[in-house]
Amino acid sequence: MSTLPVTVLTGFLGSGKTTLLNHLLSHPNMARTAVLVNEFGEVGLDHLLVRHVDEDIVLLNAGCLCCSVRGDMVTALRDLFLKRVRQEIDEFERVLIETTGLADPAPILHTLMSDPLIANHFRLDGVVTLVDAVNGLDSLNRHPESVKQAAVADRLVLSKADLASAETVTALEQRLDALNPGAPRLQAAWGRVDPSGILDCGLFRAEGKHPDVAGWLRDEAVTDHDHGHDHDHDHGHDHHHHDVNRHDDRIAAFCLTFEEPLNWNALITGLELLAASRGADLLRMKGIVNARDSDAPLALHGVQHMFHPPSRLPAWPRDPETGEEDRRTRLVFITRDVGREAVRRVLTAVLETEPDP
Ligand SMILES: Nc1nc2c(ncn2[C@@H]2O[C@H](COP(=O)(O)OP(=O)(O)OP(=O)(O)O)[C@@H](O)[C@H]2O)c(=O)[nH]1
C-alpha cells in the first residue's frame, strides 16, 4: 500500500485532545508523522521546536512535522502532500489530524474517500475519539454530536480518569461498550498514551505486513455485544441499557455474516440502496466480502452515504485457533435508528433477486 495512513483525532470540547497531542508530539515513535492542528499556539510547541519550515509548518525534535491548518483541512492536506512531492519538507509517512471539539468527523472521512488527489494518496487508518471521564456522561446525554463521535471511533481513549470516581468511570465504560463495542478502549492520564495504541488500527500496516482483518473489523466483539443485546430485549427487563438515555438507544452495532459467497454487484446495489435511503444514519460500515467472482477477499468500508473503493486482500484471514481460512462475508455496521433486521432485509432481498453477472 503506497498510500499514507491518516488518523483522525476527535473528542468533545475540553476532552483533552491538545494535552494528548502535546504528549504524542515528543514521542520518538511519532517521527515522520505530519500532525495537523488548528493553531500552533494551543499546543505550545516552543520546547519541542527544531526549526520553522515555513509559516505554517514546524519540525519538532521527535522528527515529526506540526502543521497549522489555515482554512479547510482538504486544502491543508493537499498542500502538505504537494510540498512532500516537491521535497520542500521532510518526508513524512503518516498524518494525524486533530479536529475541533464540536466537529462531526464524517466530513473529514468523506474527503479522505472522495477527493481525487487525497483518496489516491491517503487512506483512513482510524478515528480516535477522546472521552473525558468527568464530563463524558453528561456530554453523551446532552450532545448527539458526542454520541456520534464515540460511535464512529476505531479507538476510544478515556482522559481525566484521575478526576472521576471509579463508579463514574465504570458507568461511562458501560455506555461506551453499548455504543461502540468494537472499539478497544485505552486510558490516558494527562494525555499519556503510547502512539502504538492509537496508530495502525487500519487494515493495512505501514510495514507492509499482512492486513490485520480481525483487529480492523472487530466483528467478534460486535457479535458478542449483539447477542447480549438481543437476549436482554427478549427478556424485556433489567437489561444493561436501563439507565441509558435515548441518544444511545438510537445507536446500534451489529454484524451480518454470510456463509456462502455473494454476488458482488447485488451486494453493492443493496448497500447503495441503504445509502440512498438511510445514508445519514449509516454511521460506519466495515466489511470483508467473499464475492463469487473473486478468488481474493475484498475489504470494504464506508461512512454514511459514502463508500471507499474496495481493496483486494492478498489472502483470506485465518481462524487463530484452527488456522483454517475463514471465508465468511462479515459486515459490521454502526447505525442510528436503523436496526439489524432492516439492513439484513434490504441486503438479502437484493442478493436473492439480482442475477449473477
Ligand atoms: N486532571 C486531568 N486533567 C486533564 C487531563 N487531560 C487533560 N486535562 C486538562 O483538561 C483541560 C482541557 O484539556 P485540553 O487538552 O485543552 O482539551 P481539548 O480537547 O484540546 O480542548 P478544546 O480544544 O477546547 O476542545 C486542560 O486544562 C488540561 O490540562 C487528565 O488526564 N487529567
Side-chain angles (χ1 to χ4, degrees), residues 6-27 30 33-49 56 58 60 62 64-73 76 95-109 126-173 175-176 179-180 183-199 247:
V6 179
T7 302
V8 176
L9 176 65
T10 183
F12 219 58
L13 283 171
S15 55
K17 297 180 292 298
T18 310
T19 309
L20 184 97
L21 266 183
N22 226 306
H23 174 76
L24 283 180
L25 289 175
S26 57
H27 200 289
M30 291 293 286
T33 304
V35 182
L36 269 63
V37 299
N38 292 299
E39 266 182 62
F40 285 149
E42 283 178 6
V43 195
L45 299 169
D46 291 354
H47 62 299
L48 300 171
L49 189 64
D56 298 323
V58 293
L60 304 181
C64 58
L65 295 164
C66 190
C67 320
S68 93
V69 176
R70 285 179 189 225
D72 66 309
M73 199 59 78
V95 176
L96 181 91
I97 299 175
E98 181 201 5
T99 69
T100 55
L102 283 170
D104 174 356
I108 293 182
L109 308 183
V127 179
V128 177
T129 301
L130 260 157
V131 184
D132 167 343
V134 180
N135 301 308
L137 284 170
D138 189 47
S139 298
L140 291 171
N141 284 342
R142 299 193 323 159
H143 302 288
E145 305 92 316
S146 107
V147 172
K148 201 168 163 191
Q149 287 178 343
V152 300
D154 294 286
R155 295 283 183 278
L156 287 162
V157 181
L158 245 66
S159 62
K160 307 190 194 176
D162 55 310
L163 296 178
S165 66
E167 293 77 44
T168 308
V169 173
T170 307
L172 180 59
E173 291 191 320
R175 283 282 283 273
L176 295 173
L179 266 177
N180 189 342
R185 257 195 327 271
L186 296 87
Q187 286 212 5
W190 290 103
R192 284 193 291 273
V193 65
D194 192 293
S196 61
I198 59 171
L199 302 179
H247 291 316

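Remember, it's 1-based here, ligands and their atoms both numbered in the order they're listed.
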Considering both backbone and side-chain atoms of [X], is one of its nitrogen or oxygen atoms within less than 3.5 Å of a nitrogen or oxygen in ligand 1?
X: L13; result: no
X: G16; result: yes
X: S159; result: no
X: E42; result: no

Practice task
Mark the output for S15 as yes if a heavy-atom distance to ligand 1 is under 4.0 Å, and as no if none is.
Solution key: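 S15 counts as a contact of ligand 1 under the 4.0 Å cut-off.
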
Practice task
Answer yes or no for A188: is there a heavy-atom contact with ligand 1 below 4.0 Å?
Solution key: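 So A188 counts as touching ligand 1.
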
Problem - Distance-minimising heavy-atom pair for A151 and N180 - result: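 The answer is O-ND2, 3.0 Å.
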
Give a yes or no answer on whether the side chain of [X] reaches the backbone of [Y] with a donor-acceptor pair at less than 3.5 Å.
X: T129; Y: Q149; value: yes
X: N22; Y: V43; value: yes
X: S146; Y: S139; value: yes
X: D132; Y: S159; value: no

Handout entry: T18 and ligand 1 - part of the residue with a heavy-atom distance under 4.0 Å
Key =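 It is both backbone and side chain that touch ligand 1.
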
Short list, please: which atoms of ligand 1 are under 4.0 Å from a heavy atom of [X]?
X: D162; answer: 1 (N), 2 (C), 30 (C), 31 (O), 32 (N)
X: T19; answer: 6 (N), 7 (C), 13 (O), 14 (P), 15 (O), 28 (C)
X: L163; answer: 1 (N), 2 (C)
X: A189; answer: 31 (O)

Handout entry: Donor on one side chain, acceptor on other, N141 and R175, under 3.5 Å
Key =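 A donor-acceptor contact under 3.5 Å links the two side chains.
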
Exercise for the section: Pick out which of I198, V8, L199 makes a side chain to side chain contact (heavy atoms under 4.5 Å, CB included) with V128. Expected result: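 The side chain to side chain contact (heavy atoms under 4.5 Å, CB included) with V128 is passed solely by I198 among I198, V8, L199.
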
Handout entry: Pairwise side-chain contact, L140 with L172, heavy-atom cut-off 4.5 Å (strictly under)
Key =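 Yes; the side chains approach each other to less than 4.5 Å.
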
